[in-house]
Amino acid sequence: MFLHTILAGCLLASSHAASVSSRSNSELLQHSPPSAPPCVIGPVAELPIVNRVIAPDGFERSATLAGGIFPGPLIKAQKHDNFSINVVNQLQDKSMALSTSVHWHGIFQKKTNWADGTSFVSQCPIPPNRSFLHQFSAPNQTGTYWYHSHFSTQYCDGLRGPLVIYDPDDPHKDLYDVDDESTVLTLSDWYHDPTTVLNPILGPVTDNSTLINGLGRYPGGPMSPLSVINVEQGKRYRFRILGLSCDPSYNFTIDGHIMTIIEVDGVETVPETVDVLPVYAGQRYSVVVHANQSVANYWIRALPNLGNQSFVDGLNQAILRYKGAPEEDPTSTAGAWVLPFNEANLAPLMNIPVPGVPEIGKADISINFSCRQLLLQMLSGAQHPSDLLPTGSVYELPPNKVVEIALPNTGAAPGGPHKFAVVRVAGNSTPNFVNPIWRDTVSMGSAGDNVTFRFVTDNAGPWFFHCHIDFHLHNGFAAVMAEARSQLPIVSESIPATWAALCPTGRPVY
């Protein structure tokens, strides 16, 4: 009963947003009122996947949504919680995909690969009018994560949301005063066409708007309400920033304020102060922001790397509103970047040893992907992905081996089944085997970069290693790491009968 009460409230808030956006331009508010609190569910919950017409930027379209809202409900857990989330497929709109799956991005899924939610890799998709109960734990994992559809490009139609595991003993807790659902910030692209229209496009797919916490504006559109993040002068806030995009990356800034990074993809870091934060698809950061400026409204900016790169009329923006400030759009201006982000400066708070011999190429298994060349050939239509990758695109990895993966000269944001030690980051040719950052999604940088990372094969099962630009994944920019196959009996011990029953013939994926 409690769960259904929460979701009903979320649906009401979403329908209000649609009703506001349906007014004429002259009737629309020219400022953004205080934002409604986000919808929150716990680690034990039912998550209905539904179609609903929404207008987050003032343009109405049918979408595929978790809990009927965009972004989906915040899944709020505590360290050592067990998860039991029943994903219920209630999709009916035939203009979009009707099957679904939900992936819990960043959760290790030790011994529960079957609950990872990657369609055709770790499970068959959930058909309409069916459900699947995901039961898993995340021992010793804390921090900022997210969930999204892993069926075709479905999450670009709306199925994506935040997941946070809070740590009552957070080693950084003395650095901030506020860390709750009001300080979760999601950055996402939004498309007015469904992905069934976008998927056939070869080459860049341009979004219509940037949404921050599910609200935004598009060029030539109405002055729709923007998200408002409320703060009180003198307090310090832990903002959890999530890159939920299907394609763009964002340069995230807050006018007049600096940010201190304290977490990257679920790993606590040595505090690093910046005034601009590049956020790629799938990446997450926690930053501490001190509300130490005059009482006023300040622009929160998320400048995309493609598409509409303007701040005119509130595009690509939200509002940081101090208590006591008027309910109106800010007049603040963006300052010069004097504390730029450098990924090479990031280091884990608790040093995590890099596995293997501290030298490039000295791991037990070394894999070199020429990803950019492969992707360009696929997008040009010159060759089919199956002609460009090894047969089946599957890499079988024996247990308890050090694997080193090099990804030269690409501009994507691959993610995989592990946290990995990024021993060579984009923009830096010098490897770091002493205290590199560990993360699960990394930028590949630009021409000349050769991003390299390591992990140990200690997590049995087939894992998807892929570009997190979802349209690239749709075109085949992916491989499967079949890890520790001999240890799969450990995984099979916990597989429920309902898992195999998802497959049309009753035959499991592996």
Please answer whether the main-chain N or O of Thr441 pairs with a side-chain N or O of Asp265 as donor and acceptor at a distance below 3.5 Å. yes

Tell me if a side-chain donor or acceptor on Asp177 pairs with a main-chain N or O of Lys235 at a distance below 3.5 Å. no

Under the side chain to side chain donor-acceptor pair (under 3.5 Å) rule, collect the residues that match up with Thr196, sequence neighbours excluded. none

Just verifying a value: how many Å separate Gln283 CD and Leu242 CG, rounded to the nearest 0.5 Å? 11.0 Å

Using a 3.5 Å cut-off and no angle test, enumerate the donor-acceptor pairs between side-chain atoms of residues 208-215 and protein atoms at least two apart in sequence or in another chain.
| from | atom 1 | to | atom 2 | distance (Å) |
| --- | --- | --- | --- | --- |
| Asn208 | OD1 | His192 | N | 2.7 |
| Ser209 | OG | Asp57 | OD2 | 2.8 |
| Thr210 | OG1 | Asn316 | OD1 | 2.6 |
| Asn213 | OD1 | Thr186 | N | 2.8 |
| Asn213 | OD1 | Thr186 | OG1 | 3.4 |
| Asn213 | ND2 | Val184 | O | 3.2 |

Mind checking whether Phe239 and Tyr237 have parallel, tilted or perpendicular rings, split at 30° and 60°? parallel

Do any N or O atoms from the side chain of Thr183 and from the backbone of Asp179 form a donor-acceptor pair under 3.5 angstrom? no

Counting only N and O atoms by type, is there a donor-acceptor contact under 3.5 Å from the side chain of Trp499 to the main-chain atoms of Ser122? yes

In terms of heavy-atom contacts, Thr206 and Gly307 come closest through CG2-CA, 3.7 Å

Looking only at heavy atoms, what is the nearest atom pair of Leu133 and Trp114, with distance? O-CZ3, 3.9 Å

Which pair of heavy atoms, one from Phe311 and one from Ala302, lies closest together, and at what distance? CE2-N, 4.4 Å

Checking the side chain of Ser101 only, and the main-chain atoms of Gly117 only, is there a donor and an acceptor separated by less than 3.5 Å? yes

Residues passing the side chain to side chain donor-acceptor pair (under 3.5 Å) test with Ser131, sequence neighbours excluded, are none

Test salt bridge (charged side-chain N to carboxylate O under 4.0 Å, His left out) applied to Glu493 and Lys111, step by step: CA-CA 9 Å; Glu493 291 175 0; Lys111 300 182 181 180; over 6 Å; no

Taking every non-hydrogen atom, the tightest pair across Pro194 and Ser95: CB-O, 4.2 Å

Give the C-alpha distance, both sets of side-chain angles, the deciding distance and a yes or no for salt bridge (charged side-chain N to carboxylate O under 4.0 Å, His left out) between Asp167 and Arg238. CA-CA 13 Å; Asp167 183 0; Arg238 177 176 181 162; over 6 Å; no

Decide yes or no on side-chain contact (heavy atoms from CB on, under 4.5 Å) for Gln141 and Lys419, but give the supporting numbers first. CA-CA 11 Å; Gln141 284 194 261; Lys419 290 258 189 321; 4.1 Å; yes

Could you grab the distance from atom CG of Leu244 to atom CG of Leu187, nearest 0.5 Å is fine? 7.0 Å

Report yes or no: is the cationic atom of Arg240 (NZ for Lys, CZ for Arg) closer than 6.0 Å to the six-membered ring centre of Tyr176, at no more than 45° off its axis? no

Nearest-0.5 Å distance that lies between atom OG1 in Thr498 and atom CZ in Arg130: 9.0 Å

Rounded to the nearest 0.5 angstrom, the CG-OG1 distance for Leu185 and Thr144 is 11.0 Å

Return the set of residues passing side chain to side chain contact (heavy atoms under 4.5 Å, CB included) with Lys323 (not counting sequence neighbours), or none when no residue passes. Glu232

Tell me which pairs pass salt bridge (charged side-chain N to carboxylate O under 4.0 Å, His left out) where either residue lies in residues 133-159, with sequence neighbours left out. Arg61-Asp157

Does Tyr250 use its side chain to pair, donor to acceptor, with the backbone of Leu277 at less than 3.5 Å? no

Interatomic distance, Met96 atom CE to Thr195 atom OG1 [nearest 0.5 angstrom]: 7.5 Å

Could you work out, with ring pair (Phe, Tyr, Trp, His ring centres under 6.0 Å) as the rule, every residue matching Phe136, not counting sequence neighbours? Phe83, Trp104

Ignoring hydrogens and angles, state whether a donor on the side chain of Asn297 or Arg321 is under 3.5 Å from an acceptor on the partner side chain. yes

State which residues pass ring pair (Phe, Tyr, Trp, His ring centres under 6.0 Å) with Tyr298; sequence neighbours excluded, sorted by chain then number. His257, Tyr322

Trp299 and Leu226: side-chain contact (heavy atoms from CB on, under 4.5 Å), yes or no, with the steps? CA-CA 11 Å; Trp299 285 120; Leu226 300 175; 3.6 Å; yes

Does a donor on one side chain sit under 3.5 Å from an acceptor on the other, for Asp116 and His150? no

For the residue pair Phe120 and Phe151, categorise the inter-ring angle as parallel (less than 30°), tilted (30 to 60°) or perpendicular (more than 60°). tilted

Arg160 (side chain) donor-acceptor with His148 (main chain) under 3.5 angstrom: no

Does any pair with a residue in residues 298-317 pass salt bridge (charged side-chain N to carboxylate O under 4.0 Å, His left out), and if so which ones, sequence neighbours excluded? Asp255-Arg301

Apply side chain to side chain donor-acceptor pair (under 3.5 Å) to Asp180 and list each qualifying residue two or more places apart in sequence or on a separate chain. Ser182

Mind telling me whether Tyr218 and Phe59 have parallel, tilted or perpendicular rings, with 30° and 60° as the class edges? perpendicular

How far apart are the closest heavy atoms of Ala45 and Ile41, and which atoms are they? CB-CD1, 3.9 Å

Donor-acceptor check, side chain of His103 to backbone of Ser119, threshold 3.5 angstrom: yes or no? no

Using modelled atom types only, decide if a donor and an acceptor are shared between the side chain of Asn305 and the backbone of Ser249 within a distance under 3.5 Å. yes

Nearest atoms (heavy-atom pairs only) where Ile85 meets Pro43: CG1-O, 3.5 Å

Go through the side-chain N and O atoms of Asp247 and Tyr191 and say whether any donor and acceptor fall under 3.5 Å apart. no

Does the side chain of Glu343 pick up a donor-acceptor pair with the side chain of Ser443 at under 3.5 Å? no

Applying side chain to side chain contact (heavy atoms under 4.5 Å, CB included), name anything that partners Thr100, two or more places apart in sequence or on another chain. Ile49, Asn89, Leu91, Ile126, Ser149, Gln154, Leu159

Nearest 0.5 Å please: distance from the CZ atom of Arg439 over to the CD atom of Glu263. 10.0 Å

Check for a donor-acceptor pair, side chain of Thr112 on one end and backbone N or O of Ala115 on the other, with a separation under 3.5 Å. no

If only side-chain N and O atoms count, and only distance matters, is there a donor-acceptor pair under 3.5 Å linking Thr142 with Glu268? yes

Evaluate the side-chain contact (heavy atoms from CB on, under 4.5 Å) criterion for residues Asn82 and Gln135: first the C-alpha distance (whole Å), next the side-chain angles of each, then the deciding distance (0.1 Å), finally the verdict. CA-CA 8 Å; Asn82 291 319; Gln135 293 181 301; over 6 Å; no

Can you give me every donor-acceptor pair (side chain of residues 62-80, partner residue at least two apart or in another chain, under 3.5 Å) with its distance?
| from | atom 1 | to | atom 2 | distance (Å) |
| --- | --- | --- | --- | --- |
| Ser62 | OG | Asp93 | OD2 | 2.6 |
| Thr64 | OG1 | Asn51 | ND2 | 3.4 |
| Lys76 | NZ | Glu181 | OE1 | 2.7 |

Tell me, please, which residues at least two apart from Ile405 pass side chain to side chain contact (heavy atoms under 4.5 Å, CB included). Ile367, Phe369, Val403, Leu407, Phe453, Phe455, Phe465, Met481

